[in-house]
Structures are given as structure tokens and as C-alpha cells.
There are 2 protein chains.
Amino acid sequence: MSKLEKRDEIARAALGLIAENGFHGAPMAMIAEKAGVGAGTIYRYFENKDILINELYRDLEERIYPIILCGYEQKQTIRNRFLHMNSAMLRYFIENPLDFRFLEQFHNSPFGVAHRRDKILGKKKECDIFLELFREGIAQKIVKDLPLVILFALSFGPILTVTRDHILGFIKLDDVLIDQTVAACWDAITA
Amino acid sequence: MSKLEKRDEIARAALGLIAENGFHGAPMAMIAEKAGVGAGTIYRYFENKDILINELYRDLEERIYPIILCGYEQKQTIRNRFLHMNSAMLRYFIENPLDFRFLEQFHNSPFGVAHRRDKILGKKKECDIFLELFREGIAQKIVKDLPLVILFALSFGPILTVTRDHILGFIKLDDVLIDQTVAACWDAITA
DNA sequence: TATTACGGAATGAACGTTCATTCCTAGATA
DNA sequence: TATCTAGGAATGAACGTTCATTCCGTAATA
């Protein structure tokens, strides 16, 4: 097994255990066992557990962004661009429940708060595309003139809740339902 | 100090620490210190930590329900009833950030999942008023004909996200903003 | 005095991390 | 080609710490 493969094996094991059992249900020994390596080996690839977790998050972001942006066309209407991105995100979460659960664990932890602070205080290019979209919509008087943070909440809040419900088996989201949900989010933010 | 007062003191200390630091940042010894009792004393009031946490949750639900329903009038329009309940909830969360943070910790933990399963499988009268409201709205073709779970997500998802942003200081929610946000949620669920 | 409540030291389990040791492999040697 | 060797990678037992819980001597209460 190559170096990269082993690193990925450890990362995959850690992400799965954390997603399913939370940070505390994923001791290093268990991660090592699931990855098929010795406990000490993990420390050859990740300095400590905190760093492991933060790298998992970084990897995940890098995996998600291109997928959500795939097929995104700047020349489309604002509405279509919004529907595209929001449903791409919802679909990704539904198809990758472990990724979603890990994200939730991450955000509801000191890691997540620290991460948010960094984001608010600093650079973190990411959500720029959404911000851009909202700003454009407001300028054209299509989108409600509300703080961007609130538009975000109206767009993503329901996506997160609905994904959780889907993963926990409270509802089965099909293509129609996904489109209806995303369209309802659009209704929330439009004037 | 009376028996009940001491129980409450412990509960308050536990809720505060868990809200601020998570379940793992709230060891029993720390709860005891904050409550001004010995570590062993806690076990005279709560059989173990799991039971303590579940009782905290139960207490919290009992505290919140009457507050949200206060001033609720069955004869009001569906829209007004929705706005009333949703903004009451948002206002409560903003005014009681510790309660909100505790709820989030609870929901994002094995406790919360177990609790949800119980709710879906069984009794748990609670959200009945919301369900009732949604059903009535659908019957009158005012509310979108979507599964109740999705209407829930569209209504509460943004409230949760926005509250988190407010508590973390990313936005300052005033009366106007609260009303606008809740109204936007109404736009999301209406046909 | 008898009973109950309290406090906090003691306990043992579980955890993250370390490190002395073993294992593996690629290159050198013959 | 067969053998040896050096050095990095892997290992998992052991360590120190932290935590929930228990225990028992003391204080309050009746």
C-alpha cells in the first residue's frame, strides 16, 4: 500500500467512525483497527487527533466544491443558478451521508466554532459564489434585501434539516421532493 | 437550601456548562463545583450523567412550550398563528442562548438521535400544534402540499441557523429582522 | 441517638499519545 | 543470482491523564 493510500485509509476510517459515533465514539485505537493499521501508525500521518480532524474537514471541502460547481453556468438566470447549487448540495449530502454527518459533528464542536471565527474574521474564499449570487439578486430586486447571513440561513437551514431527516429515515427524498424543497427555499429568499 | 433548589442548582450548572463547552467539556466534577456541591451529591439527585442530561432536556421542553404558546389564539388566521409561534421560538432562543446551545448539543449527539427515534415511533404529543397548523393550511390550499417533515424543515431550519449566527455574533437580530426572517419562512411554505 | 444527606478522596475504566522494538524493502556486495 | 545490511515505516504495549462513579467518614436533622 502506498503512502497516500494508507493516509486515505486512515482518513476514511476516521471520517466514518466520527460520522456514525461522534468524536468521542471514535477513539484512535478504533480508527486504527478499522483502517487496518497499528495505533501508532496514525501518528506518522497526522500529528495528533485535532490535526487529523481538521484535515478531514479540509479534504471534505475540497471534495465537495467542484461537485457543487460542476455544471454551474454563469449565464443562467439567478433563479436557475440558485436551484442548481442548492439542489447539488442537497443531492451530494443525500448520496454521501457519512460526509454530511461528519460535517454536522464538526460544526457542532469547538472545531466548528473556531473554523467559523476564522471564516468571519478572515479570508476563506469558499461561499463567495453564493454571496455573489445573493448580491446580484438583491441588486436586481429579485431577492429580498436582507443581510446575507439571513439569506444563507433561509437557503441552507432547510437543506440541513431535510438531509438529517432523510438520513435518519424520517422521509425518503426523491427527485421531485428535492426540487420542490429547493424551490421552496427560493420562495423564501425572493421578494 | 431545599431539596428542589439544590436539584435546580445542579441542573442549571450542568446546562450552562454543557451549552458552553459541550458534553465533554462538562465533567461531573466541574458541574459539582459550579453548583457549589460535592461531586458525590449529584448522584443523590440524578442516577448518572445520562439520566441527568435527559432530565435537563425534559425540563427544558417543559419550560419552552408554555412560553411559545402564550398568546396563541386559535381564532387567528393561519398566517398569524404561524408567525406568532415561529417568532416566539426565535425570540426565546435569542433571549436564552444557553438553552439554545444546549438543545443543539443534545440534538447532535446519540441522545438526540435516540430521542428522535422515540418521537417518530411513538407518542410525544409536542409538535402537534404545528402539525395541526400545517394540515389546516394544506387543506385550505394556503400552504404547499408537501410532507409535514419538509414544511417543518422550511419553518425551523432557518430559525436554527439564524439563531446560531446571532449567538456567535455574526449578526445582530433586532425586532425588524426577526419579523422579516419569520415572514420569509412563511413565504417558503405557502403556495 | 438514629437516620439521612453531604463532600471529596479513592477507584478503575478509557482515552490520546509515546517509544522501544520489529518488520520490510531497496540497494550493496560477492 | 543469492545474501546481507541499513534505515525508514509500522507496531502495540505502556504511560499519564481524565473522567464517571463509588465509598465512607462527617455533619446535619429528626
Side-chain angles (χ1 to χ4, degrees), chain A residues 1-59 102 105-106 108-115, chain B residues 1-59 102 105-106 108-115:
Chain A
M1 207 189 298
S2 84
K3 246 186 136 70
L4 265 181
E5 280 168 0
K6 190 160 282 196
R7 201 205 94 109
D8 277 9
E9 203 58 50
I10 293 168
R12 219 187 328 275
L15 187 133
L17 285 171
I18 291 170
E20 281 168 0
N21 312 322
F23 291 115
H24 308 280
M28 293 299 256
M30 203 183 287
I31 293 171
E33 193 190 10
K34 183 164 179 179
V37 303
T41 307
I42 297 178
Y43 291 85
R44 299 198 57 77
Y45 295 88
F46 304 95
E47 200 176 322
N48 58 45
K49 196 175 183 179
D50 277 24
I51 287 178
L52 163 60
I53 289 168
N54 277 295
E55 288 203 20
L56 288 181
Y57 182 82
R58 208 171 36 72
D59 288 359
F102 173 83
Q105 299 281 356
F106 186 88
N108 284 282
S109 73
F111 300 109
V113 175
H115 183 261
Chain B
M1 207 189 302
S2 87
K3 247 187 135 73
L4 264 181
E5 279 168 0
K6 190 163 282 193
R7 200 206 94 107
D8 277 8
E9 204 56 51
I10 294 169
R12 217 188 330 275
L15 188 134
L17 284 171
I18 291 170
E20 280 168 0
N21 312 322
F23 291 115
H24 308 282
M28 294 299 256
M30 204 183 285
I31 294 171
E33 194 190 10
K34 182 162 179 181
V37 303
T41 306
I42 296 178
Y43 290 84
R44 300 202 56 76
Y45 295 88
F46 304 95
E47 200 175 322
N48 57 46
K49 195 175 184 179
D50 277 24
I51 287 179
L52 162 60
I53 289 168
N54 278 295
E55 288 202 21
L56 288 181
Y57 183 81
R58 210 172 34 71
D59 288 359
F102 174 83
Q105 299 280 358
F106 186 88
N108 283 282
S109 74
F111 299 110
V113 175
H115 182 263

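Chain letters run A, B, ... following the sequence lines, proteins first, then strands; residues in each count from 1. Computed from a predicted model, the values in this text were never measured in an experiment.
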Tabulate protein N/O versus nucleotide N/O from nucleotides 15-17 of chain C, keeping only pairs under 3.5 Å, one per line.
from: dG16(C); atom 1: OP1; to: Lys49(A); atom 2: NZ; distance (Å): 2.4
from: dG16(C); atom 1: OP2; to: Met28(A); atom 2: N; distance (Å): 2.8
from: dT17(C); atom 1: OP2; to: Tyr43(A); atom 2: OH; distance (Å): 2.8
from: dT17(C); atom 1: OP2; to: Lys49(A); atom 2: N; distance (Å): 3.0
from: dT17(C); atom 1: O5'; to: Tyr43(A); atom 2: OH; distance (Å): 3.4

Looking only at heavy atoms, the pair that brings Ile18(A) and Ala26(A) closest together is CG1-CB, 3.7 Å
Does any part of the side chain of Glu9(B), heavy atoms only, come nearer than 4.5 Å to the side chain of Val37(B), both counted from C-beta?
no
N/O to N/O distances under 3.5 Å, protein versus nucleotides 23-29 of chain D:
none

Please state how far atom CZ in Arg44(B) lies from atom C1' in dT3(C), giving the value in whole angstrom units.
11 Å
CD of Glu5(B) versus C1' of dA5(C): gap in Å, rounded?
16 Å
Value in whole Å for how far the C1' atom of dT18(C) lies from CD1 of Ile42(A)
14 Å
N/O (side chain, Lys6(A)) to phosphate O (OP1/OP2, dA9(D)) under 4.0 Å:
no
Using the side-chain heavy atoms of Val37(B), tell me which of these nucleotides is nearest: dG7(C), dA5(C), dA10(D).
dG7(C)
Here the pair of heavy atoms bringing Phe102(B) nearest to Leu56(B) is CZ-CB, 3.6 Å
For atom CD of Glu20(A), is the number of surrounding heavy atoms from other residues, nucleotides or ligands below 6.0 Å larger than 12?
yes
Could you tell me which residues satisfy ring-ring contact (aromatic ring centres under 6.0 Å, His included) with Phe23(A), sequence neighbours excluded, listed by chain and number?
Phe111(A)
So which atom in Ile31(A) and which in Ile42(A) form the shortest heavy-atom distance, rounded to 0.1 Å?
CG2-CD1, 3.9 Å
Pro27(B) and Gly25(B): which non-hydrogen atoms are nearest, and at how many Å?
CD-C, 3.4 Å
Quick one: does Arg7(A)'s side chain get under 4.5 Å of Asp59(A)'s, heavy atoms only?
yes
Once you round it to whole Å, what is the distance between C1' of dA9(D) and CZ of Arg7(A)?
17 Å
Could you check how far CD1 of Ile31(A) sits from C1' of dA14(C), rounded to whole Å?
15 Å
